[in-house]
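What follows is a single structure, written as structure tokens, with notes after it.
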Amino acid sequence: MTQILKKYFYDTPVGRLGIAEKDGKISQVSFFDTVKGELLETPLIKEAYRQLDEYFKGKRKSFDLPLLLDGTEFQIKVWKVLMTIDYGKTASYGDVAKLIGSPKASRAVGSANNKNKIAIIIPCHRVIGSNGTLTGYAGGLEIKQYLLDLEQNS
């Protein structure tokens, strides 16, 4: 039986983040309140915030949380590759496309990045243009730059 989605909000160095849980897994980390659900701070949501707080303080380089990857087979494949990009490193959309075995799928990788509902934990901020420029990010390019700088300087 599917549980009702639960969500809670926290103030962070990148603004207000909403963290949502569904079926005992983190289903969203968002810069926007676009999730319909019950406002409830569950133990898992609290743990996700604790890990994010450690990340923002430069004390955590990876996350250990159950995640609900809700997307197409292609999107999930992309998101899993994103989670292999090391802290403080970046990859281009083309690099990610090659890693999933679809070297010509750079634009599709960008689209999958855009559909990532679990910001920061699934580090789509680490994906940049092939010429090294920052390209789209749900939270805005300023936040993307902040996250990359945080990781480079920790």
Side-chain angles (χ1 to χ4, degrees), residues 2-10 12-37 44-45 47-49 51-56 60-152 154:
T2 302
Q3 295 178 351
I4 293 174
L5 186 112
K6 296 162 188 83
K7 64 180 179 178
Y8 205 76
F9 298 90
Y10 301 90
T12 73
V14 294
R16 194 165 164 86
L17 284 181
I19 303 173
E21 171 188 342
K22 184 177 180 185
D23 297 333
K25 296 179 180 180
I26 296 300
S27 61
Q28 190 163 359
V29 174
S30 175
F31 301 101
F32 311 103
D33 183 12
T34 56
V35 181
K36 291 181 175 28
L44 179 59
I45 289 173
E47 175 60 16
Y49 172 69
Q51 290 187 26
L52 282 162
D53 189 51
E54 288 175 353
Y55 168 84
F56 287 124
R60 176 173 287 274
K61 296 183 188 312
S62 63
F63 296 92
D64 182 25
L65 296 162
L67 304 178
L68 179 64
L69 303 181
D70 185 17
T72 67
E73 187 179 325
F74 180 84
Q75 289 167 343
I76 291 169
K77 197 186 293 188
V78 169
W79 300 335
K80 285 181 176 180
V81 166
L82 298 182
M83 290 187 279
T84 69
I85 302 171
D86 290 336
Y87 180 93
K89 304 286 185 198
T90 58
S92 72
Y93 294 93
D95 294 336
V96 174
K98 288 175 192 151
L99 288 169
I100 62 167
S102 300
K104 296 183 183 197
S106 297
R107 286 181 188 262
V109 166
S111 179
N113 252 20
N114 182 264
K115 301 282 190 283
N116 173 24
K117 295 178 187 167
I118 308 176
I120 305 168
I121 294 171
I122 298 178
C124 56
H125 62 276
R126 295 181 188 150
V127 183
I128 59 174
S130 58
N131 61 0
T133 59
L134 297 189
T135 56
Y137 188 64
L141 293 182
E142 287 177 7
I143 291 176
K144 186 172 188 168
Q145 186 66 62
Y146 176 89
L147 296 172
L148 293 172
D149 289 346
L150 172 75
E151 292 183 10
Q152 303 266 311
S154 291

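- For K61, the NZ atom is densely surrounded, since the number of other residues' heavy atoms within 6.0 Å is greater than 12.
- To the nearest 0.5 Å, atom CZ of residue R126 and atom CG of residue D86 are 7.5 Å apart.
- Counted by atom type alone, S92 and D95 present one or more donor-acceptor pairs between their side chains at under 3.5 Å.
- Of the possible polar contacts, one joining the Q152 side chain to the G88 backbone as a donor-acceptor pair under 3.5 Å is found.
- Side-chain contact between I121 and Y55 is absent, with no heavy atoms from C-beta onward closer than 4.5 Å.
- The heavy-atom pair separating T133 from I128 by the smallest distance is O-CB, 3.5 Å.
- Note that CG of D70 is 13.0 Å distant from NZ of K115, once rounded to the nearest 0.5 Å.
- The distance from the CD1 atom of I19 to the NZ atom of K7 is 13.0 Å, given to the nearest 0.5 Å.
- Taking the centre of each ring, Y137 and F31 come in below the 6.0 Å mark.
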(request) Decide side chain to side chain contact (heavy atoms under 4.5 Å, CB included) for F56 and L147; before the verdict, give the C-alpha distance in whole Å, the side-chain angles of both, and the deciding distance to 0.1 Å. (result) CA-CA 8 Å; F56 287 124; L147 296 172; 3.9 Å; yes
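- Few gaps surround NZ on K144; more than 12 heavy atoms of other groups in view lie less than 6.0 Å from it.
- Closest of all the heavy-atom pairs between Y146 and P13 is OH-CB, 3.2 Å.
- Smallest separation of non-hydrogen atoms from L5 and K22: CD1-CB, 3.9 Å.
- Between A97 and S106 the shortest heavy-atom distance is CB-N, 3.9 Å.
- Two residues are said to be in side-chain contact when any heavy atoms from C-beta on lie closer than 4.5 Å; Y49 and L17 fail this criterion.
- Side-chain contact between L52 and I120 is present, with at least one heavy-atom pair separated by less than 4.5 Å.
- Taking CD1 from I100 and CG from L82, the interatomic distance works out to 9.5 Å, rounded to the nearest 0.5 Å.
- Considering all non-hydrogen atoms of both residues, L69 and I76 come closest at O-CD1, 3.5 Å.
- Annotation for Y8: atom OH does not count as buried by contact number, only 12 or fewer foreign heavy atoms lying within 6.0 Å.
- Contact check for M83 versus P123: side-chain heavy atoms found under the 4.5 Å cut-off.
- Here the side chain of S154 pairs no donor or acceptor atom with the backbone of E151 at under 3.5 angstrom.
- Atom NZ of K117 is separated from atom CG of L67 by 13.0 Å, given to the nearest 0.5 angstrom.
- The backbone N or O of I122 lies less than 3.5 Å from a partner atom in the side chain of N116, making a donor-acceptor pair.
- Applying the 6.0 Å contact sphere to CG of D64 captures no more than 12 heavy atoms from other residues, nucleotides or ligands.
- Looking at I26 and F63, their side chains never come closer than 4.5 Å, going by heavy atoms from C-beta outward.
- Between L65 atom CG and L44 atom CG the span is 6.5 Å, to the nearest 0.5 Å.
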(request) Could you go through the side chain to side chain contact (heavy atoms under 4.5 Å, CB included) check for Y10 and D53 one step at a time? (result) CA-CA 10 Å; Y10 301 90; D53 189 51; over 6 Å; no
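- For E54, the CD atom is densely surrounded, since the number of other residues' heavy atoms within 6.0 Å is greater than 12.
- Contact record, S30 with Q28: CB-NE2, 3.4 Å, taken as the closest heavy-atom pair.
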